[in-house]
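So you know, we letter chains A, B, ... as the sequences are listed, proteins then strands, and number each from 1.
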Number of protein chains: 2
Amino acid sequence: MARRSIRQPSSTDDLDARKATILEAVVREHIDTAQPVGSSAVAATSHLAVSSATVRSEMVTLEREGYLAQPHTSAGRVPTDKGYRYFVDHLQAGVVGEAQQQQIKDFFANVRGEVEDVLAQTSTLLSQLTSYTSVVVGTGHAQSAILSTQLVSLDARHQLLVTVFADGSVTKHSLLSSFDVSHVEVAEASRQLNALLIGTVLDARVQVPSRNDHVATLVREAVATLHAQAPTLDGEQVFIGGSSKVAEAFDGVETVRQVLAILEQELLVVSLVQDILDQGLSVAIGSEHGFEPLVSCAVIVAPVTIDGHPSGAVGLLGPTRMKYSEAMAAARAVSAQLTQHFDGDDRA
Amino acid sequence: MARRSIRQPSSTDDLDARKATILEAVVREHIDTAQPVGSSAVAATSHLAVSSATVRSEMVTLEREGYLAQPHTSAGRVPTDKGYRYFVDHLQAGVVGEAQQQQIKDFFANVRGEVEDVLAQTSTLLSQLTSYTSVVVGTGHAQSAILSTQLVSLDARHQLLVTVFADGSVTKHSLLSSFDVSHVEVAEASRQLNALLIGTVLDARVQVPSRNDHVATLVREAVATLHAQAPTLDGEQVFIGGSSKVAEAFDGVETVRQVLAILEQELLVVSLVQDILDQGLSVAIGSEHGFEPLVSCAVIVAPVTIDGHPSGAVGLLGPTRMKYSEAMAAARAVSAQLTQHFDGDDRA
DNA sequence: TGTTAGCACTCAATTCTACCGAGTGCTAAC
DNA sequence: GTTAGCACTCGGTAGAATTGAGTGCTAACA
């Protein structure tokens, strides 16, 4: 995996007021038009009472300091990752529009179903709100206590182990015995499993029976199967919404392909989101996140907590020239509502 | 939904041998090169001892009869949907290559985990084998008998209803009571639910208790919740693999976007696959499947059965100029292996 | 010293033109 | 029925000319 450590976001020095204004104008304009921005455009749109020549000489400095770049000699300027970073760091928090606020409210007022369904639909919502691809991550239940476990017989050789965790998640594992098992034995094994496991977490050590009869063997197998899952953070879920937006956001077909290919690898996506969160960031721009194939992307994340501890995140993936203000506001609003949703009426 | 009935596939009349050869040559060449095919190319590649002029006059006929089309006057010919249809109908069954056969074998020899995992991974496999986007559909358990149902207390007001079906699937539904429920009451409700539901199918009528105590209310709610799911064919699962292949298969960014947008709507995909299967087809080309946005696509499907009755399908989605022979062979091989996998060692 | 008007210069993008050539349809001869 | 021959069509390409947005530099100005 071609990962590198995430760059310090605060490495952007401060710019004097006029340079900052010019940089901001360039970023805004470029986000709007997707075109290189010229000095005269900046002189016109920004409210600096300055001629284009002055803007030009400032731009030379900004370029030398790495905030702007020139695609070719006779073109305008384009923001670099560092330029976007400065812009984002100095962005005052945006607010979500009336209509969108309403849409979010309506959604959470009407959403039904299990956690998984809610997360999946939230992902679609976030994508619709922003026109970017959205990622919703629900963290695993590795640290949740087991509430109940049950062994169900499918046929003489096959049993299904169903486990319910305190966070409301349910897992199933099929077991294949090398001998025929009676219903009575399954019931007894189920009883013993409950006695052993209820209240424990997945990686806890439990005392399994050492006898060699059917029931004991079954119990041992069940516990082993269950514990084998613990390290893989089983239950970590990813919901990706609006992957078709990728085709809108990027122009090169090849770029689209690469981004889609990344999104297919859900583990990668989870670790990407997790990394960004671990660094305490809410936005990773261009090469900041260290994923080669995503250099032309920016990723916005907002954590979701349940009962105060982190238990997931919502994210947005767009081009580096994305509408940071709106997108960040939407992500924040949705993550807040999601947090509230799970803390509140519905139990997660 | 802009659906239309599927066209009869057998509406292609028969062509004389030479026309058939020419048509086939055009299709093969066009699939290979993505370019319009000229008469001289056909005269050269096909083993007809005929001049290009003869081919040309035959092509005029083929065009008049709707098998070929001309992008513009001075270009070669391109197959129409009808042309592809004839080609596919007269295609002798292809075989999968050595390496691919091996890859499939290895996959099914090593695949682990629950049905869902197997299906998801199968989808990825099929996509890798063919370089097309793959769809794996697992049909719901609406007709499966209930093996076990269990009510678990999350807290005083929230209970989780976990149901195991004979096909090995598990559902969960959370219930919210308007009153506090004790653990004893939950256990009793769970016991009663088992007595009521075990052995029934989802849409069966059962006699619920009419009393008004906590337990009876809980039981009623649980049954109602469960039965509310029956008509929605709950449990129908779609796994889409290799959506990034869409960006390779189609050139227009807009087409890519449209196809991705369709793939996002999983219900649509299921009904598409189902429709094609219902018509007894294994390939739907261009407008045959009646989905406007997918006119430039062909869809290949192959049914999967468990214990003899249909329980899913694998599918491939590519451009109309896809490699039918290879793709159909791969789909068939994978669906056969999948069928065997579920009938055999592992219980589904 | 910072700002600005003026100006020459650069270079991608656009337009125009000519032309090539793959491919066609037609016809006359075999 | 087949084919060689031929005039014709028209998309694609290559080159030249043009355009114009934008730059950097310089000299004058406040």
Side-chain angles (χ1 to χ4, degrees), chain A residues 15-80 83 251-252 321, chain B residues 15-80 83 251-252 321:
Chain A
L15 298 172
D16 67 64
R18 196 168 66 184
K19 287 201 186 61
T21 310
I22 291 174
L23 175 55
E24 187 193 326
V26 171
V27 173
R28 292 218 126 90
E29 186 77 10
H30 180 68
I31 287 175
D32 236 46
T33 63
Q35 301 291 326
V37 182
S39 56
S40 52
V42 172
T45 61
S46 78
H47 295 154
L48 292 171
V50 180
S51 80
S52 67
T54 310
V55 172
R56 218 140 51 219
S57 73
E58 294 283 49
M59 278 173 142
V60 175
T61 321
L62 283 169
E63 184 172 1
R64 200 165 35 228
E65 293 176 2
Y67 295 95
L68 295 178
Q70 226 177 350
H72 56 84
T73 333
S74 71
R77 283 352 194 265
V78 158
T80 60
D251 15 47
R321 48 169 284 276
Chain B
L15 298 173
D16 66 63
R18 196 169 66 184
K19 287 202 185 61
T21 310
I22 292 173
L23 175 56
E24 188 192 324
V26 172
V27 173
R28 292 216 125 91
E29 187 78 8
H30 181 68
I31 287 176
D32 235 46
T33 64
Q35 301 290 327
V37 181
S39 56
S40 50
V42 172
T45 61
S46 78
H47 296 155
L48 290 172
V50 181
S51 80
S52 65
T54 310
V55 172
R56 221 141 51 219
S57 73
E58 294 284 49
M59 279 173 139
V60 174
T61 322
L62 283 169
E63 183 171 1
R64 199 164 38 226
E65 291 176 3
Y67 295 95
L68 295 177
Q70 228 177 349
H72 56 86
T73 333
S74 70
R77 272 19 185 250
V78 157
T80 60
D251 15 49
R321 49 169 283 276

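- Taking atom CD of residue A/Glu63 and atom C1' of nucleotide D/dT23, one finds them 11 Å apart after rounding to whole Å.
- Here A/Arg28 pairs with A/Glu24 under the salt bridge (charged side-chain N to carboxylate O under 4.0 Å, His left out) rule; sequence neighbours left out.
- When the nucleotides D/dG24, C/dT24, D/dT23 are ranked by their closest atom to the side chain of A/Val60, D/dG24 comes out on top.
- Applying the side chain to side chain contact (heavy atoms under 4.5 Å, CB included) test to A/Ala43 and every residue at least two apart in sequence or in another chain returns A/Ser52, A/Val55.
- Residues in residues 32-46 of chain B take part in these side-chain hydrogen bond (donor to acceptor under 3.5 Å, both in side chains) pairs, two or more places apart or across chains: B/Ser39-B/Arg56.
- Residues satisfying the side chain to side chain donor-acceptor pair (under 3.5 Å) criterion with A/Glu29, sequence neighbours excluded, are absent altogether.
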* What does nucleotides 1-19 of chain D look like as a protein-contact string, B for base, S for sugar-phosphate only, - for none, at under 4.0 angstrom between heavy atoms? -> -SBSB---BBS--------
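- Taking a pair as Watson-Crick or G-U with both hydrogen-bonding distances under 3.5 Å, the stems of three or more pairs touching DNA chain C are C:1-30 with D:1-30.
- Contact detail for A/Pro71 and A/Val78: the closest heavy-atom pair is CG-CG2, 4.0 Å.
- With B/Ile22 as the partner, the side-chain contact (heavy atoms from CB on, under 4.5 Å) test is satisfied by one option alone out of B/Leu15, B/Val37, B/Val42, B/Val27: B/Val42.
- One atom, CD1 of A/Ile22, and another, C1' of D/dT23, lie 15 Å apart when rounded to the nearest Å.
- Residues from residues 29-39 of chain B lying near DNA chain C, meaning a heavy-atom separation below 4.0 Å, are B/Gly38, B/Ser39 in numerical order.
- Side-chain atoms of B/Arg77 lie closest to C/dG25 of the nucleotides C/dG23, D/dG22, C/dG25.
- The side chain to side chain contact (heavy atoms under 4.5 Å, CB included) check on A/His47 picks up nothing, with sequence neighbours excluded.
- Applying the side chain to side chain contact (heavy atoms under 4.5 Å, CB included) rule to B/Ser51 yields the partners B/Ala53, B/Thr54; only residues at least two apart in sequence or on another chain are considered.
- Put simply, CZ on B/Arg18 and OG1 on B/Thr21 are 9.0 Å apart, with the number rounded to the nearest 0.5 Å.
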Which pairs, protein N/O on one side and nucleotides 27-30 of chain D N/O on the other, fall under 3.5 Å?
none

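- Of the possible polar contacts, one joining the B/Thr80 side chain to the B/Gly66 backbone as a donor-acceptor pair under 3.5 Å is found.
- When all heavy atoms are compared, the tightest approach of A/Pro36 to A/His30 is N-ND1, 4.2 Å.
- For A/Glu63, the side chain to side chain donor-acceptor pair (under 3.5 Å) criterion is met by A/Arg77, not counting sequence neighbours.
- Residues passing the side chain to side chain contact (heavy atoms under 4.5 Å, CB included) test with A/Thr73, sequence neighbours excluded: none.
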